[in-house]
Q: 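I have a structure here, written as structure tokens, and I will follow up with some questions on it.
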Amino acid sequence: MPTVPPPVNEPNLAYLPGSKERTDLKARLKAMACERIDIPLVIGGREIRTGRTRQTVMPHTHCHVLADWHVAGPEHVHQAIAAANDASREWANWRWEDRAAVFLRAAELLTTTWRTTLNAATMLGQSKTAIQAEIDSASELIDFWRFNPHYAEELYREQPTSSHGTWNQIDYRPLEGFVYAVTPFNFTAIGGNLPTAPALMGNTVIWKPASSAMLSACYILRLLEAAGLPAGVINFVPGDAVQITNVLLESPDLAGIHFTGSTGVFNSMWRTVGENTGRYRSYPRVVGETGGKDFIVAHRSADVQELAVAIARGGFEYQGQKCSAASRVYVPQSLWPEVRDRVAAMMRDMKMGDVADFRTYLGAVIDSRSFDKISDYLADANKNAKVIQGGTARGDEGYFIEPTLVETKDPAYRLMCEEIFGPVVTAYAYPDAEWPAILKTIDQTSPYALTGSVFASDRAAIREATGTLRNAAGNFYINDKPTGAIVGQQPFGGGRASGTNDKAGSKMNLLRWVSARTIKETFSPPRDFTYPYMTEE
Ligand code: NAD
């Protein structure tokens with residue numbers, strides 16, 4: 001069996017002053033900011049312009065239009081189902097190594113000629129800084145496309161044993177029907193991974209990108225086409241989420257859902273699939289990575305500076321719009337004044353603004369809906385808790401929310417429980433002696449279980465936190481911030497209301513996109529229907 005090139009994690013470029021990558025990225029940002037592109041649907045390799053369009057704007061300058069994208073109607077969704085079915089006949093029967101080669105080539109193109117374009121699209125359209133774009137739309141997506149072929153190979157290699165005279169094999173078939181990929185705005189890499197992971201395993205896909213990440217989504221599709229992805233394997237269907245989803249979830253050909261986004265949306269899709277169960281040819285594979293309310297807990301033996309940096313980076317990078325962002329923090333009272341002051345000082349040094357200015361630490365939040373929702377949380381904090389730093393919102397030019405640190409005396413306060421998805425960290429200072437109790441509180445405070453960190457020097461405390469919080473996070477960190485998982489190193493996903501925990505970018509995820517067929521071959525079948533023991537004594 002062929003072996004794919006051993007995957008290695010793509011190093012992040014540093015974008016230091018004077019570097020070539022910095023000059024190139026700045027030039028690309030300038031050029032792309034002057035463009036206003038037209039984004040069609042792509043179904044069966046055919047571009048479709050419906051004439052009904054919506055705009056993609058820069059979140060940090062929301063009057064600046066970057067693109068107009070065409071909105072699909074129900075008829076286009078039906079066309080996409082037909083195109084996916086058509087393409088499946090060939091794609092499902094390609095040798096797996098030919099499919100893998102498409103994505104390995106996509107990784108190579110992204111490493112080289114496409115890197116600045118996808119980074120610039122992510123910066124302009126999703127308001128990421130250069131380094132946040134680099135770790136997402138370059139390194140993470142390259143890693144997904146390098147590591148998944150390697151995991152697929154491992155999977156295909158797993159075969160049963162055979163006793164003498166027989167040969168047992170597992171045929172890792174793609175699912176019968178199409179996979180529906182629904183992607184969130186906050187990671188370009190997830191936009192690229194959700195449609196391609198099932199495609200790698202031989203499935204054809206209908207991809208509905210997030211309306212607020214349409215620019216990067218469009219370039220991902222173009223890049224895949226440049227890498228040789230055949231027409232109809234991934235069908236690009238932007239439009240009204242509810243309308244598109246309703247049509248697809250009624251189709252007997254729905255074979256799987258690959259979703260990342262909020263818990264409420266995933267719950268509604270799960271419900272619909274449940275109601276429609278009798279319609280489907282097979283039981284659809286439903287995979288969803290959803291919300292989080294990620295914690296940092298410090299023991300009194302924690303290093304104050306390391307803890308403060310983890311809160312600042314984990315809480316505020318990309319405006320707190322990572323599913324893994326630290327948003328509830330538990331610090332012993334003995335350390336709190338020092339931690340609070342250090343975090344607040346760092347926050348005062350965080351420049352917020354246009355991401356094309358490389359001194360910027362925070363861009364804008366994604367859209368007006370998000371801006372309004374976070375503003376409501378700030379109003380609540382100003383009324384019912386103590387705002388230590390930040391606390392204001394300014395939406396006239398861009399959707400800017402100041403990085404905000406809130407202190408509460410109530411560990412069950414709303415801001416300690418609900419996902420805010422913005423640059424707001426709420427802290428509770430607990431009595432030092434209540435360490436075991438605070439761990440239980442953390443475990444029971446929110447319905448989510450995505451990421452969490454413990455900071456401590458005392459090994460016994462680390463052991464205790466790791467034990468009590470075993471089910472409170474799918475990705476658990478010791479003396480590290482709860483963000484920044486790397487493909488191949490920390491497979492990512494959470495349990496409880498944070499999703500099905502199928503760990504994107506791992507073999508566990510790929511397993512969901514195949515339906516195994518067991519084949520037993522007998523080389524010398526019996527020729528007599530009786531058994532030897534039946535002979536007369
Ligand atoms: P969202 O739920 O608003 O949207 C996600 C996708 O679902 C988008 O494509 C959207 O158009 C679509 N959608 C919206 N309403 C729908 C409906 N009624 N039916 C079907 N599809 C619908 O999420 P978002 O704002 O794009 O992303 C933020 C959320 O994603 C947060 O909750 C975050 O925690 C979560 N997230 C989780 C992970 C993870 O790995 N667990 C990673 C990234 C983001």
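When a ligand or atom number is given, it counts from 1 through the structure's own listing order.
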Q: Of the backbone atoms (N, CA, C, O) and the side-chain heavy atoms from C-beta on, which set of F187 has a member under 4.0 Å from an atom of ligand 1: side chain, backbone, both, or neither?
A: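 For F187, there is no contact with ligand 1 at all, from either part.
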Q: If you have a sec, work out which protein heavy atom is nearest atom 28 (C) of ligand 1 and how many Å separate them, to one decimal?
A: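 Looking at atom 28 (C) of ligand 1, the protein heavy atom closest to it is F421 CE2, 3.4 Å.
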Q: Sequence neighbours left out, what pairs pass ring-ring contact (aromatic ring centres under 6.0 Å, His included) with at least one residue falling in residues 51-80?
A: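 Of all non-adjacent pairs touching residues 51-80, those that pass ring-ring contact (aromatic ring centres under 6.0 Å, His included) are H62-Y399.
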Q: Less than 4.5 Å apart, side chain to side chain, heavy atoms only: is that true for I43 and F236?
A: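 The answer is no; the side chains never approach within 4.5 Å.
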Q: Identify the protein heavy atom lying closest to atom 27 (O) of ligand 1, giving its residue, its atom name and the separation to 0.1 Å.
A: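 Residue, atom and distance for the closest contact: P184 CB, 3.6 Å.
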Q: At a 4.0 Å threshold, what atoms of ligand 1 neighbour a non-hydrogen atom of F492?
A: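 With F492 as reference, the close atoms of ligand 1 come out as 39 (C), 40 (O).
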Q: With the side chain counted from C-beta on, respond yes when R115 and E10 share a heavy-atom pair under 4.5 Å apart, and no when they do not.
A: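 With C-beta onward as the side chain, the pair touches.
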Q: Please work out, at 4.0 Å between heavy atoms, whether the side chain, the backbone, both, or neither of N186 comes within that distance of ligand 1.
A: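 Looking at N186 and ligand 1, just side chain atoms fall under 4.0 Å.
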Q: For ligand 1, indicate whether the residue F266 contacts it via side chain, backbone, both or neither (heavy-atom separation under 4.0 Å).
A: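 Neither part.
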Q: Is the number of heavy atoms from other residues, nucleotides or ligands under 6.0 Å of Q444 CD greater than 12?
A: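 More than 12 within 6.0 Å, yes.
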Q: What is the closest protein heavy atom to atom 34 (O) of ligand 1, and at what distance does it sit?
A: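 For atom 34 (O) of ligand 1, the nearest protein heavy atom comes out as E419 OE2, 2.6 Å.
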Q: What protein heavy atom sits nearest atom 42 (C) of ligand 1, and how far off is it?
A: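 The closest heavy atom on the protein side is C323 SG, 3.0 Å.
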Q: Does a sphere of radius 6.0 Å around CZ in R470 hold more than 12 heavy atoms from other residues, nucleotides or ligands, not counting ones at 6.0 Å or beyond?
A: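 No, the 6.0 Å shell around CZ holds no more than 12 heavy atoms from other groups.
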Q: Would you confirm whether any non-hydrogen atom of the protein falls under 4.0 Å from atom 9 (O) of ligand 1?
A: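 Yes, there is one.
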Q: Classify the angle between the aromatic ring planes of F266 and W270 as parallel (below 30°), tilted (30 to 60°) or perpendicular (above 60°).
A: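 Ring orientation, 0 to 90° scale: perpendicular.
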Q: Can you list the steps and then say if E289 with S498 is a side chain to side chain contact (heavy atoms under 4.5 Å, CB included)?
A: CA-CA 6 Å; E289 300 305 330; S498 289; over 6 Å; no
Q: Which is closest to atom 35 (C) of ligand 1 in terms of heavy atoms, G261, G191, S498?
A: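 Going through G261, G191, S498 one by one, G261 has the nearest heavy atom to atom 35 (C) of ligand 1.
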Q: Would K208 pass as a cation-pi partner of F259, given that its NZ or CZ must be under 6.0 Å from the six-membered ring centre and within 45 degrees of the axis?
A: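 K208 over F259 ring: no.
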Q: Please report which non-hydrogen protein atom sits nearest to atom 13 (N) of ligand 1, along with the residue it belongs to and the distance in Å to one decimal place.
A: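 Answer for atom 13 (N) of ligand 1: A241 CB, 3.5 Å.
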Q: Looking only at distances, can you tell me whether any N or O atom of T183, backbone or side chain, sits closer than 3.5 Å to an N or O atom of ligand 1?
A: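 T183 vs ligand 1: N/O contact under 3.5 Å present.
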Q: If you count the atoms of ligand 1 from 1 in the order shown, which ones are under 4.0 Å from a heavy atom of A210?
A: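 By the 4.0 Å cutoff, the relevant atoms are 9 (O).
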Q: Heavy-atom distances under 4.0 Å decide this one: backbone, side chain, both or neither, for L450 against ligand 1?
A: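 The answer is the side chain.
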Q: Counting non-hydrogen protein atoms only, what is the nearest one to atom 2 (O) of ligand 1? Give residue, atom name and distance.
A: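 Checking every protein heavy atom, the shortest distance to atom 2 (O) of ligand 1 gives S262 OG, 2.5 Å.
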Q: Measure the distance from atom 37 (C) of ligand 1 to every protein heavy atom, then report the residue, atom name and distance (to 0.1 Å) of the closest one.
A: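 That would be T290 O, 2.9 Å.
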Q: Salt-bridged, R414 to D380, with N to O below 4.0 Å?
A: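 Answer for the salt bridge query: yes.
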Q: So which bit of T245 gets within less than 4.0 Å of ligand 1, heavy atoms only: side chain, backbone, both or neither?
A: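 The part of T245 near ligand 1 is the side chain, not the backbone.
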Q: Classify the side-chain pair N9/D143 by whether it contains a donor and acceptor separated by less than 3.5 Å.
A: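 A pair is found: one side chain offers a donor N or O, the other an acceptor, under 3.5 Å apart.
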Q: May I ask you to decide whether E176 forms a salt bridge with R281, counting only side-chain N to carboxylate O separations under 4.0 Å?
A: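 Salt bridge: yes.
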Q: Taking the six-membered ring of Y448, is NZ or CZ of K293 closer than 6.0 Å to its centre and within 45° of its axis?
A: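 The answer is no, since K293 fails at least one limit relative to Y448.
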Q: Measure from atom 3 (O) of ligand 1 to every heavy atom in R369, K322, K208 and give the option owning the shortest one.
A: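 Comparing heavy atoms across R369, K322, K208, the nearest one to atom 3 (O) of ligand 1 lies in R369.
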Q: What is the nearest protein non-hydrogen atom to atom 26 (O) of ligand 1, stated with its residue, atom name and distance?
A: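 Of the protein heavy atoms, F185 N, 3.1 Å lies nearest.
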Q: Have a look at N246, V242, V182 and point out the one with the heavy atom closest to atom 12 (C) of ligand 1.
A: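 The residue whose heavy atom sits nearest atom 12 (C) of ligand 1 is V182.
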Q: Out of T260, V265, I257, whose heavy atom sits nearest atom 17 (C) of ligand 1?
A: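 The nearest heavy atom belongs to V265.
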Q: Under 4.0 Å, heavy-atom basis, I'd like to know which part of I190 is in contact with ligand 1: side chain, backbone, both or neither.
A: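 I190 to ligand 1: side-chain contact only, backbone stays beyond 4.0 Å.
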Q: For T483, what residues pass the side-chain hydrogen bond (donor to acceptor under 3.5 Å, both in side chains) criterion, not counting sequence neighbours?
A: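 By the side-chain hydrogen bond (donor to acceptor under 3.5 Å, both in side chains) rule, T483 matches K481.
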